[in-house]
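Below is one structure; the comments refer to it alone.
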Amino acid sequence: MNLRGIGDWLAARGWSWGTVAEALAGLLALGMAYPVVGRVYAVIEKRRDFPGDIEWMEGATLVTAQRLVEGLPIYGEPAADYIPFIYPPGFAWLVSKLGVDYATGRTLSAVCIVVAAAALVYGARRLGTGWFAAFATAGLLAATYDDTGTFFDLVRTDSLALALLGWSLVLGDGPTRAHTVASGLCLALAFTTKQHVALFGLPIGLWHWRVHGWRRAGTFALASAVPALLFSGAMIVATEGRYFTWIARLASSHGMVIDRLVPGAQVECWSALPWTTTAALALPLWMVRKRYWTGVSITALLVVSLMRGHTGGYLNVLMPLLWVQCLLPSVAAAAIGTPLARTGASLFVALQMWAVSEEDLGRFVPSPAEAERVEALVEELRALPDPILIPHAPWYAHLAGKKGSFALITLWDIDHKGGAYRSFVDHVEGEMARGYWLTAVVPDDKLGHDFTEHFRKAHTLKTRPVPTKTGWPIRLRSVWTFRESGAAR
């Protein structure tokens, strides 16, 4: 059979040389994505049951969930044993219902990142991408695992927020009112996990206003803003106004790190997916023909830049923009609308997968020996006097049956000039001076807040330090005791 005959055979079945090339390119992209996804899955599986902090805020999140189990306030006044996070409670609440331990929290986050990837597949399909290439789009998300600080599977709220936000975005430009309502509800739920996702309501609402009119925009506003406002109002009433202080007022007192704001966040996100992002930006036609995704992209860029520039903003805050970048090859191809465009998009996805195919993720996996050392550390803590000042890893104190202390990250959140609870920092220093904590377990003598004036180093921990694998590097090394054991408590 000659080429013309093959072409006729394809045409009889509704195919063409272009659709065949598109399918083959999609299959190539999927094949290149498979080992990347498999490698990330292997890391997630190995980390799930690790009995300690892979990232230092994991334990503090479990402390919050445990307080919910015990019926204790999580947005009260700051106290020596607990300072609230500046995040909404959605993730901690789910963990409190499913089981307060590392494995449960990590499994929840891993499931949520799969849900976020499924939203990418759905979005790509709605944009006309073939099945092979659509699943390869989800592979792009796996390729950003390292670039996000490996936060996909941690006991943190990020993956849950991304899953809900992702589905809100891919449903947001749907043709029916049901799509609009579902998009709004997903965004409202995302708002219970991270407050800044509310800003994504702007491009969705404006797009509905422009394309469908004010009635559809009003439907979206009712589905998203009303539940979010009711939730916030209930939380504010239940906490006597403190919820608003923790979620909104405190963040406004924080500063900005300019080189992370610009050009830091933009360069980091581009360098995570340089091939596909450059290819999409080189075809700006989609910015005119796919204005919904143009608005979403601009919003993601602004939100992520602000969050990365925000004091304490780590790589995890890049996740929303990276998620949007994963969909850009499909958006750009849909703007042109030909099999050749979709073939080219798939080839760039395959090239991007090849570029990350040799990345080593082993450094993010704790060893079995490190797991044993965490258990040995907890046993050491059991023998220490209660309460223990252990702000770098407060959940370890709980595991050892001790009262424990606030998380250092939450103390940092309130230690800003003009902050609502700035005066509590002085209270912490006063508690150190009067001997509220008899013992401290810390990495070094750099805690600050007059720590070394009131505590002396007693000995080095018997257990070899177990380092965190991502985020702020923490290695608990030594035990310190209060200098005046007879002080009033």
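Using cut-offs of 30° and 60° on the angle between ring planes, the pair Trp412 and Trp56 is tilted. Using cut-offs of 30° and 60° for the angle between ring planes, the Phe151 and Tyr314 rings count as tilted. Ring pair Phe424/His427 is tilted by interplanar angle, where 30° to 60° counts as tilted.
Residues forming a salt bridge (charged side-chain N to carboxylate O under 4.0 Å, His left out) with Glu240 (at least two apart in sequence, or on another chain): Arg242. For the ring-ring contact (aromatic ring centres under 6.0 Å, His included) test, no residue two or more places apart in sequence or in another chain qualifies with Phe231. Residues satisfying the side chain to side chain contact (heavy atoms under 4.5 Å, CB included) test with Ser109, not counting sequence neighbours, are Phe91, Ser159. Pro473 pairs by the side chain to side chain contact (heavy atoms under 4.5 Å, CB included) definition with nothing, not counting sequence neighbours. The salt bridge (charged side-chain N to carboxylate O under 4.0 Å, His left out) check on Arg210 picks up nothing, with sequence neighbours excluded. Taking the side chain to side chain contact (heavy atoms under 4.5 Å, CB included) definition, one finds that Val226 meets it with Leu222, Leu230, sequence neighbours left out. Residues satisfying the salt bridge (charged side-chain N to carboxylate O under 4.0 Å, His left out) criterion with Asp146, sequence neighbours excluded, are Arg363. Annotation: side chain to side chain donor-acceptor pair (under 3.5 Å) contacts of Arg47 (sequence neighbours excluded): Tyr145, Thr150, Asp153. Applying the side chain to side chain contact (heavy atoms under 4.5 Å, CB included) test to Ala138 and every residue at least two apart in sequence or in another chain returns Ala117, Val121.
Taking 4.5 Å as the limit, every side-chain heavy atom of Leu322 sits out of range of all side-chain heavy atoms of Leu141. You'll find the side chain of Pro88 reaches within 4.5 Å of the side chain of Tyr243, heavy atoms only. Side-chain contact between Phe85 and Thr410 is present, with heavy atoms from C-beta onward closer than 4.5 Å. Side-chain contact between Thr64 and Pro89 is absent, with no heavy atoms from C-beta onward closer than 4.5 Å. Under the 4.5 Å side-chain criterion, counting only non-hydrogen atoms from C-beta, Glu55 is not in contact with Asn316. Proximity of Pro73 to Arg67: side-chain heavy atoms (C-beta onward) are separated by under 4.5 Å at one or more points. No side-chain heavy atom of Trp286 sits less than 4.5 Å from a side-chain heavy atom of Ser330. Side-chain contact between Met235 and Trp246 is absent, with no heavy atoms from C-beta onward closer than 4.5 Å.
Note that CG of Leu389 and CG of Leu384 are 12.0 Å apart. Values are rounded to the nearest 0.5 Å. Here the CG-OH distance, from Leu206 to Tyr292, works out to 11.5 Å after rounding to the nearest 0.5 Å. Of the inter-residue distances, the one linking Met287 atom CE with Ile298 atom CD1 reads 8.0 Å to the nearest 0.5 angstrom.
Counting only residues at least two apart or on different chains, no salt bridge (Lys or Arg N to Asp or Glu O under 4.0 Å) pair has a member in residues 254-267. Every pair passing salt bridge (Lys or Arg N to Asp or Glu O under 4.0 Å) that includes a residue from residues 401-416 is listed here, sequence neighbours excluded: Asp415-Arg422.
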Take Ile54 and Tyr102 through the test side chain to side chain contact (heavy atoms under 4.5 Å, CB included) and record every step on the way to the result. CA-CA 10 Å; Ile54 293 174; Tyr102 289 107; over 6 Å; no
List the steps, then state whether side chain to side chain contact (heavy atoms under 4.5 Å, CB included) holds for Val37 with Val40. CA-CA 5 Å; Val37 173; Val40 171; 5.9 Å; no
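Formation of a donor-acceptor pair under 3.5 Å by the Ser183 side chain with backbone atoms of His179 is not found in this model.
The environment of CZ in Arg249 is sparse: at most 12 heavy-atom neighbours from other residues, nucleotides or ligands sit within 6.0 Å.
Here Trp209 and Phe220 keep their ring centres 6.0 angstrom or further from each other. Side-chain rings of Tyr122 and Trp167 approach one another, their centers coming within less than 6.0 Å.
Between the side chains of Gln325 and Thr276, no donor-acceptor pair of N or O atoms lies under 3.5 Å. Side chains of Thr144 and Asp147: no donor on one and acceptor on the other come within 3.5 Å.
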Just distance, no hydrogens or angles: give the donor-acceptor pairs under 3.5 Å from side chains in residues 441-450, sequence neighbours left out.
{"from": "Asp444", "atom 1": "OD1", "to": "Lys446", "atom 2": "N", "distance (Å)": "2.9"}
{"from": "His449", "atom 1": "ND1", "to": "Glu429", "atom 2": "OE2", "distance (Å)": "3.1"}

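Minimum interatomic distance between Ala420 and Leu250 (heavy atoms only, all atoms of both residues): N-CD2, 3.9 Å. Considering all non-hydrogen atoms of both residues, Leu328 and Ser297 come closest at CD2-OG, 3.9 Å.
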